[in-house]
Structure formats: structure tokens, C-alpha cells
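As the structure lists them, so they are numbered: ligands from 1, and atoms in each ligand from 1. Keep in mind that this is a model prediction, so the values were computed, not measured.
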Amino acid sequence: MSHFAAVPLAPRDPILGVTEAFQQDPRPYKTNLGVGVYQNEQGQIPVLDCVRQVERAIGHDPRPHGYLPIDGFPLYIAAVKALVFGPDAGLVASGRVATLQALGGTGGLRLGAGVLAGFNPRPGVLVSNPSWENHEALFRRAGFRVGHYRYYDPNRHGVDVDGLVADLAAAAPGTIVVLHACCHNPTGYDLRPDDWARVVAVCADRQLMPFLDMAYQGFDRGLNEDAQAIAQFVAADLTFLVATSFSKSLSLYGERVGSINFVTGSADEAARVLSQAKVTARTIYSNPPSFGAKVAAQVLTDPDLRASWETELGQMRDRIKAVRRALRRGLEDRGLNGNFSYITQQTGMFSYSGLTPEQMHRLRDDYAVYGLDSGRLCMAAINHGNIDHVIEAIANVWE
Ligand code: LMR
């Protein structure tokens, strides 16, 4: 008799499961456009120069591997606050922000969800339609009811801002609204500043609880520019949450370097929220890993390393934009029946291609080009060595 006999088999993860399938594919020309990972022109995940410099310094001066505090490495926490809310934010100085180092952006979302799950009554959650697949899964797993607000309008190839605002206006007070601060995943369509103003206003009117996910800061226009949605929520004096990640922006995927930030109403509130978040962290993983946070803190606070980081981040951003132009041109040159301008209108790592699940399966089965069933393709994994094959494959499944 086994205690596990009745355990059902869970389906593969819709994103990381694609990588699992990709790794088992023996075809040498296979291309993984599934997971959101930036690769350079050589098809490699880059080691950023600023990261390499800190790693060398750490390597030359090994320190004991003690535990970090439950909430994380203090210098990292201070640097994250400055990056997310601005170096001189009065909000931070007044002690109203409780920040914890988290295991990547996902860990930040999960810590936030863990604290909010303690609210009585437990609020509902709204995520965009569509959203990053793990948003819904993660909040459900944490015990929330999850619904959707309108977001992508396939006819207009853009955001249904009126629908989004109407859905938020109809939500119950206290509802948690998960928003993508920049580089919307999966669609690549972001709100403009005046759209954000409408979202901020409806969140204030309806007393909703904004929960911003900022996993791609720096991949649209720049570090400060991509945080402008956060600035609008701060200016409106709302209380809200922000999860962030350095997986993409510092190319530190496997080190799991992220954060959760609770913007509260007072320093006293922040202290109480922090205490609850620490209990959540302690009962899941005790305290976070230290290496990546130490690297990130050093890069963020040393002026030369910081300048080097911003240059390389700009280069990654520009390369993705060049890939978008080349992919669009390549598909247009094939004379296909379709308008491919959306590829260069979208922003961030992804293109929401409009391909159906059947077409995505054909891409995978016939051409070894792996994307998500939703039609999402990772632009950041295309390079001069695989773009012709990707264009050929998309063109062949297009009609
Ligand atoms: C993605 O959307 O592909 C990334 O955020 C990686 C992940 O964890 O899903």
C-alpha cells in the first residue's frame, strides 16, 4: 500500500513545461521561444559585465555562508526601494514601505499573496485577460478566487482600456488587482500614462488593492521610465504592492533575485505588515539565498557598475527591438495575408502572435520552434542564426 497511490498527475507547466519538452527534442535546429529568457546573438544567456566584475571580487574574497535575515540582505533591500520608488522618495524615508528580498518575481508575488491570504474576509483577485499563466495559478494555490478584467482586444491589436476601467469599476472594494507595470506578459501591449491615470483613479474610487508585477523593468524604455506606473500610484497616495525581479534585467535567472514591496499607510503599518511577511517567508523557506542579492546590491549602489549595467540593459533592449524589426520585415517579405505591424508595436520580450494553439503545435511538431499555446513567442531568444528558420516556420503555418 502506498500513501501516494491516489495522487493524480499534474499537467506540465504551460511555460516551464515547454522548456522541458524542448530539452527532450533531439532535432539540432530546435529553437525555444517559450520561456521569457534573454539570449544574445550567440544564443547564450549573457553574463553581464557588471555581474562578472562583482563575481570576480567575491571569488577573490570568500566570506562565510551564514544565514541572511528573514527579510533579506539589508543593502539589497535599500537598493531595491531606491530603484522602484526613486532615490529620494519621501514615501521610503517616512518608513511606509515594507520590502522583503524574495525568490525572484514569482517569490515576491507569492509572499504578497501569503500575507493577503490572512485578510478576513479574504478578497477576490482580478488578473488581466490574458495574463502570465502563473498569476492565476499562484493566487488560486494561495487560496484566492481569481477572475479577469478585460485587457487585450484582438480586433484592435491593443488594450481595451474602457473595458479594463469598467471591469475595475464593477469590482468589490478591497479586490486585489494584479497589474503589469511594464512590458505586459504575454501581449506586449502596455497602458499609456493617461490610461494609467484612469486605472489609478478607479482603484482609488473603488478602494481596490493594486498589486503591480514589475518583472521587466528596463526592457521597454529604461529603468526610470518603466517605473512610471508605480510613480502614479505613489502620487495618488494609494496603498499597494509591487513585486520585482532581477532575473531578466541582471540576467540572474537561476539566482532567484526579486522582491516584494508593501506600500502601506504609515511606518507602524509597515512594521506590522513586515512582521507578517517574515512569518510567511520563515514558514516556506526560512530566509533567502544570499549570492544574487549581494551581486545585485553591489551593482545597484556602485556608480561605475551601475552605469555599466544600464548600458548593457539598453543593449539588450535595443537588440530585441532590432529582432522585432527583422522578424516583421521577414514575414512581410513573404507576401503573407496579414498585417505584421503588431510585432514592432508590442514591447518587452514577447510577441503575442495571434497564432492558434493548433498552429503553435505545428510550429513545434513540424519545425521544432517552441512557443506557448497562447501564441506567445519570445523575441529575446531570436538571433541571426535562427531567425530565418523562425520566419520560414511561421510563414508555413500562417495561412
Ligand atoms: C515567462 O513568462 O516566461 C517568465 O516570466 C518565466 C516564468 O517564470 O514563467
Share the residues that join V7 in a hydrophobic cluster, the rule being Ile, Leu, Val, Met, Phe, Trp or Tyr side chains under 4.5 Å apart at the heavy-atom level.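 When side chains under 4.5 Å apart are linked, the cluster holding V7 also contains F4.
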What orientation do F219 and Y216 show, parallel under 30°, tilted 30 to 60°, or perpendicular over 60°? perpendicular
So W398 and F340, would you call those rings parallel, tilted or perpendicular, with 30° and 60° as cut-offs?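 Geometry flag for F340 against W398: tilted rings.
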Strictly under 6.0 Å, is that where the ring centroids of H184 and Y189 end up? no
When the aromatic ring centroids of F211 and F240 are compared, is their separation below 6.0 Å? no
Expected output: side-chain D226 to main-chain G218 donor-acceptor under 3.5 Å: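 Yes; at least one donor-acceptor contact below 3.5 Å.
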Name each N or O atom in ligand 1 that is under 3.5 Å from a protein N or O, and give the partner atom and the distance.
| unit_1 | atom_1 | unit_2 | atom_2 | d |
| --- | --- | --- | --- | --- |
| ligand 1 | 2 (O) | W132 | NE1 | 3.1 |
| ligand 1 | 2 (O) | N185 | ND2 | 3.0 |
| ligand 1 | 2 (O) | R376 | NH1 | 2.9 |
| ligand 1 | 3 (O) | G36 | N | 2.7 |
| ligand 1 | 3 (O) | R376 | NH2 | 2.8 |
| ligand 1 | 5 (O) | Y216 | OH | 3.4 |
| ligand 1 | 5 (O) | K248 | NZ | 3.1 |
| ligand 1 | 9 (O) | W132 | NE1 | 2.9 |

